[in-house]
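As structure tokens, the structure follows; a few thoughts come after it.
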Amino acid sequence: MKEYRTITKIAGPLVFVEKTEPIAYQELVNVVLSDGTIKRGQVLDTSDELVVVQIFETTTGIGRDSGVRFTGETIKMPVGHEMLGRILSGGGKPIDGGPEIVPEKRLDITGAAINPYARGMPADFIQTGISTIDGTNTLVRGQKLPIFSAAGLPHNNVALQIARQAKVPGSTENFAVVFAAMGITKEEANYFMQDFERTGALERAVVFLNLADDPAVERIITPRLALTTAEYLAFELGMHVLVILTDMTNYCEALRQIGAAREEVPGRRGYPGYMYTDLACIYERAGMIKGKKGSVTQIPILTMPGDDITHPIPDLTGYITEGQIVVSRELHRKGIYPPINVLPSLSRLMNLGIGKGHTREDHKKVSDQMYAGYAEGNDLRGLVAIVGKDALSERDRLLLEFADLFENRFVRQGYDEDRTIEDTLNLGWEILSTLPVEQLTRIDRDLINKYHPKFRAGAKKE
Amino acid sequence: MKTEKTKEAKKGVLKRIAGPVVTAVNLDAHMYDVVKVGKEALMGEVIKIQGDNTIIQVYEDTSGIRPGEPVINTGLSLSVELGPGLLTSIYDGIQRPLAVLVEKMGNFIERGVTAPGLSHTKKWTFKPLVKAGDKIEPGSILGEVQETNIVHRVMLPPNVKAGVVKTIRSGDFTIDEIICILEDGREYPMIQRWPVRVPRPVREKKNPTIPLITGQRILDGLFPIAKGGTAAIPGPFGSGKTVTQQQLAKWSDAEIVVYIGCGERGNEMTEVLTEFPSLEDPKSGKPLMERTVLIANTSNMPVAAREASVYTGITIAEYFRDMGYDVSLMADSTSRWAEAMREISSRLEEMPGEEGYPAYLAARLSEFYERAGLVETLNGASGSVSVIGAVSPPGGDFSEPVTQNTLRIVKVFWALDAKLSQRRHFPAINWLNSYSLYLDALHDWYDKEVSPDWNKIRSWAMEVLQKEAELQEIVQLVGSDALPESEQVTIEVARMIREIFLQQNAYDAVDTFCDMKKQYDMLKAIKLFADFAYAAQIAGVSPSQIIAVKAKNELPQIKFIKDYKPELAKIEKEMDAEFNTLRSAA
């Protein structure tokens with residue numbers, strides 16, 4: 001393999017090489033330092049005169065005297081079923097002291113788009129045991145549902161609880177967890193690892209760790225490695241894979257860093273203009289394929305800078321993913337766990353996975369009614385602060401109480417509490433029954449007669 | 001010698017590759033020529049010429065392509081194939097049928113695979129409508145093919161000269177077989193090709209006068225769009241843009257629907273694909289898919305093809321319009337299209353305009369929306385293309401360039417509101433911010449087709465909602481009990497309009513589509529309650545008694561009943577009786 005010593009410029013993570021033979025776009029590059037260390041990179045821009053290489057690690061030690069070897073192929077990663085139970089670096093190297101991965105296949109990490117025509121329709125209800133998700137923002141297999149959180153909130157606990165409890169009721173199919181950490185602290189990583197070990201989840205998991213002090217640029221490939229692995233497990237080995245990506249905010253920062261180093265025209269808040277497409281190429285790698293057994297379900301976690309949901313990172317994410325689970329500081333302050341604020345939360349695929357044959361016929365309408373009641377009750381809190389409770393009408397007073405009840409009974413649950421969907425829906429009915437029946441305009445009469453505690457109880461007495 | 005030279009010039013060499021934009025040298029090209037890039041012959045389009053450099057946007061992933069690889073100019077502009085076989089198809093942004101791609105390259109979209117937009121082997125039964133000796137003009141209908149339950153009218157292309165028919169064939173043909181020969185020797189098959197960036201010509205553009213009935217109460221009732229009109233649906237994520245677009249694609253009374261999923265989610269397209277074939281057109285009873293063409297260029301598919309998808313879609317829509325059909329086109333989302341423009345523009349290192357969008361953003365948007373309209377086609381028929389574009393403003397902020405430039409062009413604005421969707425008020429269209437500029441144009445139609453007092457009832461409902469908004473501000477400060485009695489009644493009536501009339505459940509088998517007659521009856525029943533209530537209040541009945549009237553609690557149920565008339569009559573009767581009792585007690 002030819003080695004070039006024609007580096008002309010090094011800026012941040014970028015290395016500029018001149019006078020090369022034709023080099024392929026996105027080709028994998030090895031840079032050899034004078035002491036023999038090898039750093040990996042990828043071609044970002046190629047022309048007759050100049051090739052721009054993005055190095056995945058730090059560029060420390062690279063100089064004009066370093067050699068550049070172009071490998072002639074795009075980045076591929078070895079995958080195999082032995083990866084389950086392994087811990088790998090953010091660049092895909094084993095860091096658990098175990099042997100190298102024996103490749104069953106080598107796959108391109110960019111991953112091609114699933115042909116929309118070949119996609120299977122997600123419809124399997126995943127029970128997470130968390131009422132605010134199962135009841136009001138249902139997760140289904142093949143969905144990408146991010147957790148929007150912010151600094152200092154227990155999003156990691158929520159993600160772990162989902163990873164631990166998630167199951168499709170009545171199904172015993174093969175499942176696996178792929179966990180990709182990007183720029184999280186060692187402490188946070190330990191927390192995840194300990195929980196995986198405590199619950200025995202590790203043997204069904206593949207872990208990719210890019211920690212806070214690992215090279216930022218490596219974060220660009222970490223989620224791609226994780227998703228390539230997930231796709232292999234799902235579509236080649238037929239497993240149902242849950243992918244947790246944390247923290248996407250760090251990923252986007254790395255993207256911005258490279259954009260700045262390339263002196264690109266920046267978009268909103270300095271993030272590159274192609275960030276939507278870039279994020280889409282990650283998030284869209286979830287789903288099912290017609291005629292294949294497995295599925296890839298994604299739960300990316302991101303922290304909203306300044307709790308701002310309109311910040312480009314949550315904003316673009318929300319436009320790509322199928323909903324979002326929003327973790328709220330206000331509920332957290334009230335001491336409610338999990339502090340999921342259902343109002344801005346949403347699951348777009350919910351309607352595919354609920355109702356008769358999936359969960360229960362009353363699911364959708366109970367959920368809508370709770371939303372309507374909670375939203376109105378929540379608004380009234382502002383009013384009460386001004387006029388006092390006494391000025392409220394009877395209807396409003398009940399709604400106000402409903403909002404409190406909703407938070408304390410429905411939202412609040414234990415870290416290890418695993419509620420079935422029946423429990424969740426019955427709980428919903430229980431709190432809804434504090435409102436007068438005629439106020440339940442979202443639910444048709446038949447369902448009220450069948451499920452409303454008052455009528456159910458009445459029926460039993462007869 | 002001469003031919004050899006042109007052949008040479010048609011082949012260039014790649015010089016630089018950086019993402020979806022590549023540079024070639026030594027290529028004789030014109031703007032928007034389609035070129036084949038690299039050894040794998042990836043499809044691309046010329047977007048800039050600078051000295052000897054030709055800059056090309058590539059519709060497929062460019063990983064692994066090297067400088068020095070060949071570039072071949074086809075000399076054609078990006079065109080679509082038009083002819084029988086379009087309906088029920090699902091295409092990517094450059095009209096490659098996705099079903100064929102699955103056969104050719106499996107479940108994932110690989111590259112370098114070409115597939116024609118239409119089947120060139122399938123035979124269609126062609127029934128001529130002209131005979132030898134007939135004089136035909138550009139756009140004239142030559143004959144028909146029963147494509148699905150829709151009749152596909154085969155036309156003379158619009159960009160050719162008139163002529164006289166010498167031979168016209170009848171029977172089963174592929175789209176490439178000649179079906180018509182003219183006196184001057186010209187031969188025509190059923191297929192025609194049209195460059196997507198050029199609008200198809202029409203005889204005359206007219207002002208629309210008929211509403212596009214969508215079965216959605218807030219749209220048909222309060223903010224209607226005309227057939228041939230333009231509408232925008234801007235809203236933050238999660239406010240229900242896609243559901244609204246899909247509802248329109250399902251239920252609008254257009255004869256042909258073109259649905260463009262531009263840079264959106266893969267699973268959503270799958271939902272459309274799975275659902276449409278099983279849904280029935282409320283009018284014809286046939287599967288909705290039979291009148292639909294889908295274009296799916298999801299967010300992770302190449303960005304240049306996303307840019308093209310909108311043009312591909314509207315060209316297909318215009319083609320059906322030229323047959324004399326009413327076509328509605330949904331583009332979800334035009335923001336993704338604008339972002340594709342921005343992405344390519346920034347790779348070209350063009351001087352950015354507002355928020356990094358190219359300076360020609362406004363021009364491109366208006367060119368696109370202007371391709372909508374009610375027209376007299378070249379063959380004298382009346383056809384229309386209605387365009388409904390979703391807009392996804394970053395952070396839900398309507399002041400951003402795509403929303404603003406869109407609003408300057410479109411006539412109907414359906415403002416989605418995150419607050420409403422959070423309380424599960426669907427469709428989450430804000431009744432105070434939305435507007436329709438077609439109200440006057442459609443006034444007569446509503447008068448004649450719905451009821452002479454429809455327009456009055458509509459204005460009444462809008463007034464009540466407006467009044468409620470003002471009152472709510474006071475309520476926020478002092479509580480509802482402090483309002484004068486008549487206004488407490490207004491608040492209750494407004495609540496009924498919102499919860500009964502405006503809220504509509506897209507997932508309920510009955511409520512998902514509500515015809516104009518039912519819309520009228522529902523709104524009229526609410527008005528009836530209001531009339532009773534104000535009369536009773538003047539007679540001395542207290543607001544709390546009025547709000548406690550039991551019969552009105554049954555009104556919401558009307559939405560879910562198919563044969564609602566007897567139930568509605570019963571409720572109205574009970575309402576009357578209850579108010580009578582109240583009045584006599586007061």
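Here is how names work: the chains are called A, B, and so on, in the same order as the sequence lines, proteins then strands, and each is numbered from 1.
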Structural part of B/Lys559 lying under 4.5 Å from a heavy atom of chain A = neither
task = Determine yes or no for a side-chain-to-main-chain donor-acceptor pair under 3.5 angstrom, with B/Glu499 supplying the side chain and A/Thr441 the backbone.
result = no
query = Which distance, rounded to the nearest 0.5 Å, do you find between the OG1 of B/Thr62 and the CD of A/Gln26?
reply = 7.0 Å
task = Taking atom types as modelled, find out whether A/Thr277 and B/Glu343 have a side-chain donor-acceptor pair closer than 3.5 angstrom.
result = yes
remark   = Whatever's closer than 4.5 Å to a heavy atom in chain B on A/Glu394 counts as neither
query = Are A/Tyr371 and B/Arg423 linked by a side-chain donor-acceptor pair shorter than 3.5 Å?
reply = no
ask   = Which residues pass the side-chain contact (heavy atoms from CB on, under 4.5 Å) test with B/Val272, sequence neighbours left out?
value = B/Gln246, B/Phe276, B/Leu294
ask   = Quick one: is the NZ or CZ of B/Arg347 closer than 6.0 Å to the six-membered ring centre of A/Tyr274, and within 45° of its axis?
value = yes
message = Given 3.5 Å as the limit, does a donor-acceptor pair link the side chain of A/Asn115 with the main chain of B/Leu98, or not?
response = yes
task = Check ring pair (Phe, Tyr, Trp, His ring centres under 6.0 Å) between A/Tyr319 and all other residues, then give those that pass, not counting sequence neighbours.
result = B/Phe237
ask   = Which answer fits A/Ser367, side chain, backbone, both or neither, if we ask what part of it has an atom under 4.5 Å from a heavy atom of chain B?
value = neither
query = Under a 4.5 Å heavy-atom cut-off, does chain A meet the side chain of B/Gln503, its backbone, both or neither?
reply = side chain
inquiry  = Does the Lys NZ or Arg CZ of A/Lys364 fall within the cation-pi geometry relative to B/Phe426 - under 6.0 Å from the ring centre and within 45° of the axis?
reply    = no
query = Within a radius of less than 6.0 Å around NZ of A/Lys389, do more than 12 heavy atoms belonging to other residues, nucleotides or ligands occur?
reply = no
ask   = Can you tell me if A/Glu322 and B/Asn267 form a side-chain donor-acceptor pair at under 3.5 Å?
value = yes
Top contributor to chain A contacts, counting heavy-atom pairs under 4.5 Å, from B/Glu271, B/Arg111, B/Arg424, B/Arg342 = B/Arg424
request  = Name the region of B/Thr274, side chain, backbone, both or neither, that has any atom closer than 4.5 Å to a heavy atom of chain A.
outcome  = side chain
ask   = Roughly how far, to the nearest 0.5 Å, is CG of A/Asp444 from CZ of B/Phe560?
value = 6.0 Å
query = What part of B/Leu101 lies closer than 4.5 angstrom to a heavy atom of chain A: side chain, backbone, both or neither?
reply = both
query = For B/Pro556, is it the side chain, the backbone, both or neither that has a heavy atom under 4.5 Å from a heavy atom of chain A?
reply = side chain
